[in-house]
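In what follows, a single structure is set out as structure tokens and then discussed.
Computation of the quantities below employed the complete heavy-atom set of this structure, encompassing side-chain atoms and omitting hydrogens, waters and symmetry-equivalent molecules.
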Amino acid sequence: MTKGVGRTGTRNDKTHTLCRRCGKSSYHIQKTTCSSCGYPGKKMRRFNWANKAKRRRTLGTGRMKYIKHIPRRFKNGFRENTTAPSRKPASK
């Protein structure tokens, strides 16, 4: 056994830090690029050979603030600025 820390003592610099877009510790400081999401590129980084990675951040994994209302609006024909027709039978 050697005395001291050996090779581990030289590994005291960080290449990656937290990414602003995806939050992972994948933002390369010197390259200024995220290895996970591709930030600062406009398009999200994704590849067909990484099915699991695509599944983790695909549609439906977040809040879906807009999209979750689409099926209901489609059912009603995307009507806007009107009142819904009465569901009661018309009284005579």
Exercise for the section: State, without any angle test, whether Tyr39 and Arg20 hold a side-chain donor-acceptor pair at a distance under 3.5 Å. Expected result: yes
Under 6.0 Å from the [atom1] atom of [X], do we count more than 12 heavy atoms belonging to anything else shown?
X: Tyr66; atom1: OH; answer: no
X: Arg11; atom1: CZ; answer: no
X: Arg46; atom1: CZ; answer: no
X: Phe74; atom1: CZ; answer: no

Exercise for the section: Consider only side-chain heavy atoms of I, L, V, M, F, W and Y, link residues closer than 4.5 Å, and tell whether Met44 and Phe47 are in one cluster. Expected result: no
Quick one: are [X] and [Y] in side-chain contact, heavy atoms under 4.5 Å?
X: Cys19; Y: Ser36; result: no
X: Lys31; Y: Thr15; result: no
X: Arg73; Y: Glu80; result: yes
X: Ser26; Y: Arg45; result: no
X: His16; Y: Ser35; result: yes

Problem - Distance, nearest 0.5 Å, that separates CZ of Arg56 from CG of Asn51 - result: 11.0 Å
Problem - NZ on Lys14 to OG on Ser25, rounded to 0.5 Å - result: 6.0 Å
Looking at every heavy atom in both [X] and [Y], which two are closest together, and how far apart are they?
X: Thr61; Y: Thr58; value: OG1-O, 2.8 Å
X: Arg21; Y: Lys42; value: NH1-O, 3.8 Å
X: Pro40; Y: Thr33; value: CD-CA, 4.2 Å

